[in-house]
J.: 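Provided herewith is a single structure, encoded as structure tokens, for subsequent inquiry.
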Amino acid sequence: MKRKLAAAIGIAGMVVSVAACGSGDGKGSDKQGADVKELTVWLTVDAQNNWPELVKAADAAVKKKHPGIKIDHEYYGWPDKNTKLDAVLATDKVPDVVEMGNTEMLGYMVKGAFAPLDTAKFDNSAAWLDGLKASVTYDGKTYGVPYYAGGRVGNWRKDLFASVGVKSTPKTYKELTAALDKVQKKEGDKFSAWYQPTRDWYAAMSFVYDAGGSIAEEQGGQWKANLSSPESIKGLTEFKNVVDSYMHGDKTKDESDRYIVYGQGKSGMIFGAAWEGATAADPKNDKTGKLKDNLENFVMPGPSGKNMPVFLGGSDLAVPVKSDAQAVAAEWINAFTGSSGQKGLMAKGNLPNNKTDLATLKDDPATAVPATAAESNWFVPMAPGWGQVEKAQVLQTMLQNIGTGKKSVEAAAKEADAAIDKVINTK
């Protein structure tokens, strides 16, 4: 599946004010599940196009328990979903279940848009992937259920690395950089042995977390930026080494068109979302004519000696606080995301929401790499003002200053910390 998790890596601007409760829309007045006649479920078109049978199975499970209930579905594209959601949340005509990109959750949780959920009512909740669990947790409460995940992996051209005597993917960071050095020397300074866009903060923060650092830490109920800590500086310094050594493209770019650049044959390796390699090899993107069957995913080794921790994109399901069918909505979510649903989602090429199912994918060569990579993961600080940090592109600015040499790692990190501290605790 080539879904680009664009909506899962950016917090939507929330401008609506959400009341703590509402008068409802006639679906039933008992939030505990009695006398609910109708349920409205909002999902993105991914479910409609790729696994409609899983939606039908969840409907059937709920209808069996609640004979006569009507379940309505509306499907939205990622670009327009939140605009529509913001509009209805200001009214009493809310859906009962809504799909959210996992980093979209925070802004809505801070505003009180979603109802708290009892994790005991959801399959595998004790084993949810750490990054996904973080995405639905705010101020000690759970406001959503992880649906599925997408991770990040290394991907390289087998032909290029074979041409310098490297026949297998790297198991250690030392092996990786040694192979990259050989390719870079052979191809010259017009070529990027590793095309690593400087503003790609998802990759850069993987280096930070691998070194034991973090974007920010919670201390006594308050968040404090942590990019200028010794550990974070170590990770940022290694990221700069990668950009300096192997990235010979425009050092002011982000990762949005990385798969296109990769398809143009201007680089030997990328570190990105698992779909990017396959998309680069698509005939409409492959300008070399050599990428089909010549690209290989691998688990990114980190400088620490462990697998590189990766950012997990994905989707969550939430129940608006104004829903008058909260209990039945929770039942539908569990029917959809529970054990049988996860098996169906995995069969469609998705990563599951929990560690138990993820472990089963490691036994299959077709899924072992993304499954193994996803085991070590990180997520953004779940702080009330994190959306403002993203909106201001604080991390991207820091990384561009580092990558272009405009500022030292230490100076850029210190400046970023100051900018983060100004807003990270502000609702």
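Atom set for the values below is all heavy atoms of this structure, side chains included, hydrogens, waters and symmetry mates excluded.
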J.: Taking all atoms of both residues into account, what is the closest heavy-atom pair of Val36 and Ala325, and its distance?
T.: CG1-CB, 3.7 Å
J.: Passes side chain to side chain contact (heavy atoms under 4.5 Å, CB included), Leu129 versus Phe379? Steps please.
T.: CA-CA 11 Å; Leu129 298 178; Phe379 200 65; over 6 Å; no
J.: For the residue pair Asn297 and Ala274, what are the closest heavy atoms and their distance?
T.: ND2-O, 4.0 Å
J.: Hey, does the side chain of Lys174 reach the backbone of Lys171 with a donor-acceptor pair shorter than 3.5 angstrom?
T.: no
J.: Could you give the distance from CG (Asp364) to CE (Met346), rounded to the nearest 0.5 Å?
T.: 10.5 Å
J.: Any salt bridge linking Lys84 with Asp86? Criterion: basic side-chain nitrogen under 4.0 Å from a carboxylate oxygen.
T.: no
J.: What are the two closest heavy atoms between Val321 and Gly112, and how far apart are they?
T.: CG1-O, 3.5 Å
J.: Is Asn307 close to Met300 at the side-chain level, that is, under 4.5 Å between some pair of heavy atoms?
T.: no
J.: Sub-3.5 Å donor-acceptor pair from the side chain of Ser304 to the main-chain atoms of Ala211, do we have one?
T.: no
J.: Rounded to the nearest 0.5 Å, how far does CG of Asp257 lie from CD1 of Ile260?
T.: 5.5 Å
J.: For residues 261-275, which residue pairs pass the salt bridge (charged side-chain N to carboxylate O under 4.0 Å, His left out) check, not counting sequence neighbours?
T.: none
J.: With Phe114, which of Tyr108, Tyr138, Tyr143 fulfils ring-ring contact (aromatic ring centres under 6.0 Å, His included)?
T.: Tyr108
J.: Answer yes if the ring centres of Tyr75 and Trp42 are under 6.0 angstrom apart, and no otherwise.
T.: no
J.: When the ring planes of Tyr147 and Trp51 are compared, do they come out parallel, tilted or perpendicular, using 30° and 60° as the limits?
T.: perpendicular
J.: For Glu38 and Thr40, run side chain to side chain contact (heavy atoms under 4.5 Å, CB included): C-alpha distance rounded to whole Å, both residues' side-chain angles, the deciding distance at 0.1 Å, then the answer.
T.: CA-CA 7 Å; Glu38 185 177 351; Thr40 298; 4.3 Å; yes
J.: According to salt bridge (charged side-chain N to carboxylate O under 4.0 Å, His left out), who are the partners of Lys63, at least two apart in sequence or on a separate chain?
T.: none
J.: Give me the atom names and distance for the closest heavy-atom approach of Thr337 to Asn353.
T.: O-ND2, 3.8 Å
J.: Under a 4.5 Å cut-off applied to non-hydrogen side-chain atoms, are Met205 and Leu227 in contact?
T.: yes
J.: Could you walk me through whether Thr137 and Met382 pass the side chain to side chain contact (heavy atoms under 4.5 Å, CB included) check?
T.: CA-CA 8 Å; Thr137 306; Met382 296 302 284; 6.0 Å; no
J.: Check whether any side-chain N or O of Asn377 sits under 3.5 Å from a backbone N or O of Gly131 as a donor-acceptor pair, and report yes or no.
T.: yes
J.: Run the salt-bridge test on Arg258 and Asp254 with the 4.0 Å N-O cut-off and return the result as yes or no.
T.: no
J.: Pairing donors with acceptors under 3.5 angstrom, does anything connect the side chains of Glu99 and Ser315?
T.: yes
J.: What closest approach, in Å, do Asp210 and Lys306 show between heavy atoms, and which atom pair accounts for it?
T.: OD1-O, 4.2 Å
J.: Side chains of Glu238 and Tyr173: is there a donor and an acceptor less than 3.5 Å apart?
T.: yes
J.: Would a 4.5 Å heavy-atom cut-off, applied to side chains only, mark His66 and Lys37 as touching?
T.: no
J.: Quick check: do Phe298 and Pro170 have side-chain heavy atoms less than 4.5 Å from each other?
T.: yes
J.: At what distance, to the nearest 0.5 angstrom, does OG1 of Thr288 lie from NZ of Lys292?
T.: 13.0 Å
J.: Taking the side chain as C-beta and beyond, is there a heavy-atom pair between Phe336 and Leu54 under 4.5 Å?
T.: yes
J.: Mark yes or no for whether Ser192, through its side chain, and Met247, through its backbone, hold a donor-acceptor pair below 3.5 Å.
T.: no
J.: Establish, from distance only, whether the side-chain atoms of Glu217 and Ser214 form a donor-acceptor pair under 3.5 Å.
T.: yes
J.: What is the minimum heavy-atom distance between Lys355 and Asp130, and which atoms define it?
T.: NZ-OD1, 3.0 Å
J.: Please answer whether the main-chain N or O of Asp181 pairs with a side-chain N or O of Gln184 as donor and acceptor at a distance below 3.5 Å.
T.: no
J.: Checking the side chain of Thr367 only, and the main-chain atoms of Leu361 only, is there a donor and an acceptor separated by less than 3.5 Å?
T.: yes
J.: For the side chain of Asn425 and the backbone of Ala383, is there at least one donor-acceptor N/O pair under 3.5 Å apart?
T.: no
J.: Going from CG on Leu317 to CG on Leu117, what distance comes out if it is rounded to the nearest 0.5 angstrom?
T.: 10.0 Å
J.: Could you check whether any side-chain heavy atom of Thr279 comes within less than 4.5 Å of a side-chain heavy atom of Tyr262, counting everything from C-beta outward?
T.: no
J.: Roughly how far, to the nearest 0.5 Å, is the NZ atom of Lys234 from the OG atom of Ser229?
T.: 11.5 Å
J.: Say whether Asp96 and Ser323, considering side chains only, have a donor N or O and an acceptor N or O under 3.5 Å apart.
T.: yes
J.: Would you say the side-chain atoms of Thr169 and Trp156 include a donor-acceptor pair closer than 3.5 Å?
T.: no
J.: Indicate yes or no for a side-chain donor-acceptor contact from Thr172 to the backbone of Glu175 under 3.5 Å, with no hydrogens or angles considered.
T.: yes
J.: Is the shortest side-chain N to carboxylate O distance from Lys182 to Glu187 below 4.0 Å?
T.: no
J.: So, does Asp357 use its side chain to make a donor-acceptor pair with the main chain of Pro352 at under 3.5 Å?
T.: no
J.: With side chains defined as the heavy atoms from C-beta onward, is the minimum distance between Asn334 and Lys121 less than 4.5 Å?
T.: no
J.: Test Tyr259 against every option in Asn285, Asn155, Ile270 by the side-chain contact (heavy atoms from CB on, under 4.5 Å) rule and name the one that passes.
T.: Asn285
J.: Let me confirm one number: the OG1-CG distance from Thr91 to Leu89, rounded to the nearest 0.5 Å.
T.: 7.5 Å
J.: If you define the side chain from C-beta out and look only at heavy atoms, does anything of Phe207 sit under 4.5 Å from Val242?
T.: yes
J.: Does the pair Lys362/Glu375 count as a salt bridge with the N-to-O cut at 4.0 Å?
T.: yes
J.: Does Asp139 pair with Lys141 as a salt bridge, N-O distance under 4.0 Å?
T.: no
J.: One thing to verify: whether Asp200 and Lys253 come together as a salt bridge, which I'm taking to mean a side-chain N less than 4.0 angstrom from a carboxylate O.
T.: no
J.: Tell me, yes or no, whether the heavy-atom count around Lys224 atom NZ, taken from other residues, nucleotides or ligands under 6.0 Å, exceeds 12.
T.: no
J.: Look at the side chain of Asp286 and the backbone N and O of Asp282, then say whether any donor-acceptor pair between them is shorter than 3.5 Å.
T.: no
J.: Charged N to carboxylate O below 4.0 Å: is that the case for Glu276 and Arg152?
T.: no
J.: Can the ring centroids of Phe311 and Tyr202 be said to lie less than 6.0 angstrom from one another?
T.: yes
J.: Using a 6.0 Å cut-off, check whether atom NZ of Lys240 has over 12 heavy atoms from anything other than its own residue.
T.: yes
